[in-house]
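Take a look at the structure set out below.
Lettering follows sequence order; numbering is per chain, from 1. What you see is a predicted model, and the numbers here were worked out from it, not measured in a lab.
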There are 2 protein chains.
Amino acid sequence: MSNKKVLVQARGITRSKERIREENELIILIAAEKVFAKHGLKGSTTKQIADMAKLPKSNIHYYFHTKLNLYRCVLESILVDWMRAADTFNKFDEPREALKYYVDAKMNLSRTRPFGSKVWANEIISGAPEMEEVLSSRLKKWVDTCVSSINRWIELKKIVNVGDAHTLLYMIWATTQHYADFDYQVMILNNGKKLTDSEFEEKKQQVIDLVLRSVGLNP
Amino acid sequence: MSNKKVLVQARGITRSKERIREENELIILIAAEKVFAKHGLKGSTTKQIADMAKLPKSNIHYYFHTKLNLYRCVLESILVDWMRAADTFNKFDEPREALKYYVDAKMNLSRTRPFGSKVWANEIISGAPEMEEVLSSRLKKWVDTCVSSINRWIELKKIVNVGDAHTLLYMIWATTQHYADFDYQVMILNNGKKLTDSEFEEKKQQVIDLVLRSVGLNP
DNA sequence: AAAATTTTTGACCATTTGGTCAGGTTATAT
DNA sequence: ATATAACCTGACCAAATGGTCAAAAATTTT
C-alpha cells in the first residue's frame, strides 16, 4: 500500500478509479522517461522503472503490459511537447523572429525536459526502430515546410544563402539539444556545477545570437 | 575454424601468434564499436558482439575478459582519433583557419567513424560513468586552452564577442557530431538516401560557413 | 620431435530479466 | 448491502545473459 494511499485514507477520502489510473500512469511515465534516458530501451529493466516509480514491478505491467509498449508511450508523450515547440517556427514571417523564438523554445525544452530529449536521442542513435514512421511522415512534412520558409527568406535576400536549408535546421537542433543530451558534459566543463537558471538564460541568448549571425542577421 | 584460417592454411602459411592476437583484438573492437553504438553498454550482449565479429562468444572473453573492459577499450580507441582532431584547433593563430580546419576535421570524423561518435554520445547521455575522469581531466584541460584562444580572438577584435566561449565550442561539437549520431534521421530527411560523398562535402562547407558567420567572419 | 605456450570453442552455470497469474483489496453500480 | 469491476502484488517461470572451464588444436620454443 503506497504512502499516498495511506495518507488519503487517513482523511477518510477515497481516490476515484479514474484518478488512480491517471495518476499511476503519469508516475510510471515520468519514472520510465528517466530510466530510458539513462540506459536506453534494452538497457533499462522494468524493475528499475518500478523502483524509480516506487511501485511493484507487476504494477508497471498492469498499466502498460510490456516494456516496449511503455517505451512507445514515453516517446509519444515527448512528441507532444516536441511538436508544440516546432510550431513556433512557422508563427513568424520574419526570419529574425522565427529563428529567435524557435531557438528559445528548443532551449527551454532542453532545460525543462532533458530526459525526454535523451530518450529521443537514444532512439535515433540506435536507428529509430520505433519511430521510423513518425520520422518519415510527420517530421518529414514539418521539415519540408521549414525548408520552404528558409528558402523563401533566401530568395527575398532576408538571410544569407546557406546552401541547403537542412544544414541550418540541423545546426539549431543539434546545438539546442546539446544542453539536454550532454548536460553531464556541460556540467563537468562548468567546473562540476549545474548551470544556474541565469547562466542558462545567458547561454540561451548567446545561442540565439550565434544562430542569427550564422545566417547573416545582426542580433 | 574460421574461413580466414582455412584459406591461410590451404596455402601452407601459418599466422604468427602475435599477429593472431593483434588481428582478433582489432576485429572484436570494430564489431564491439558497432554493437555498442546501437545498443549502449547495458543493451549490448557479448553474443551480439561475437556474432558481429564472426567469432564464438568465448573468444571475446578470451581476449577482453569482461564486457565492461571491452567497452572501455572501445572508448579508449575512439579517444585517440578524437584527440587528434582536437589538435587541429590549436595549430592556427587566425580564427578563420583554426575554425575552418577544426570543423573540417570533426566533420570528417563523423563521416569516417560514426559508430565511435555514437558510443561516446551514449556514454555521455548516460552520465559518463566510465569516462568521468577523462572528461574532467584531459577534456577539461583541452577545452580551457581552446577557450583562451577564443577569448584572445575576441580581445583582439578578430571575432565578435560571443559571450561565453564554451557556447561556440558546443555549437561546433553538436553540429558536427549530429551527422554521425543522428545519421539515420539525416538519411530519412534526405529522402531515405544516405548522403553521398559529394553531398557530404557540400554540407561540410555549409557548416564551416555557418560557423564562420556565427562569429562575425565573412567566409 | 617433443615440450611448452597460446589460441579456440562447446558445454555448462548462476543470475537476471520480461512477463504471467492467482488471489486479495478497493471502489463503484445496483 | 451486495455484486461487479478495477486495482494491487507476491510468487513464480521460461528465456537470455555474462562469464567459466576443460579439453582440443595450433603455434612456438627447445
A:Thr66 side-chain proximity, nearest of C:dT9, D:dG19, C:dG19: C:dG19
Short N-O contact, A:Glu25 and A:Arg21, less than 4.0 angstrom: yes
Nearest-angstrom distance from the residue atom NE2 of A:His65 to C1' of D:dA6: 13 Å
Nucleotide C:dG19, atom P - distance to CG of A:Asn69 in whole Å: 10 Å
B:Lys57 (side chain) and D:dG19 (base): donor-acceptor pair under 3.5 Å: yes
Between A:Tyr71 and A:Glu123: side-chain donor-acceptor atoms closer than 3.5 Å: yes
Integer-rounded Å distance: C:dT9 P and B:Asp51 CG: 13 Å
Donor-acceptor pair present, A:Ser58 side chain and D:dG10 base, under 3.5 Å: yes
Salt-bridge present (A:Asp144, A:Lys140; N to O < 4.0 Å): yes
Length of the OH-C1' vector between A:Tyr71 and C:dG18, whole Å: 17 Å
Nearest listed nucleotide, side chain of B:His61, among D:dG18, D:dC8, C:dG10: D:dG18
Euclidean distance, atom CD1 of residue B:Ile20 to atom C1' of C:dT6 [Å, nearest integer]: 8 Å
Rounded distance in Å - CD (A:Gln48) to P (C:dG19): 14 Å
Nearest-neighbour nucleotide for the A:Tyr63 side chain, C:dG18, D:dC8, C:dT8 considered: D:dC8
Sugar-phosphate only, base, or nothing, as touched by B:Thr45 at under 4.0 Å among non-hydrogen atoms: sugar-phosphate
Sidechain N-carboxylate O distance under 4.0 Å for B:Lys194, B:Asp183: no
Salt bridge present between B:Glu33 and B:Arg113 (N-O < 4.0 angstrom): yes
Phosphate OP1/OP2 of C:dG10 contacted by B:Asn59 side-chain N/O (<4.0 Å): no
Sugar-phosphate only, base, or nothing, as touched by B:Phe64 at under 4.0 Å among non-hydrogen atoms: nothing
Length of the CZ-C1' vector between B:Phe36 and D:dG18, whole Å: 12 Å
Below 4.0 Å: OP1/OP2 of D:dC7 and any side-chain N or O of A:Arg21: yes
Phosphate-side-chain proximity, B:Tyr62 and D:dG19, N/O vs OP1/OP2 below 4.0 Å: no
Atom pair distance, as rounded to whole Å: CD in B:Glu23 and P in C:dT7: 12 Å
N or O in side chain of B:Lys67 less than 4.0 angstrom from D:dG18 OP1/OP2: yes
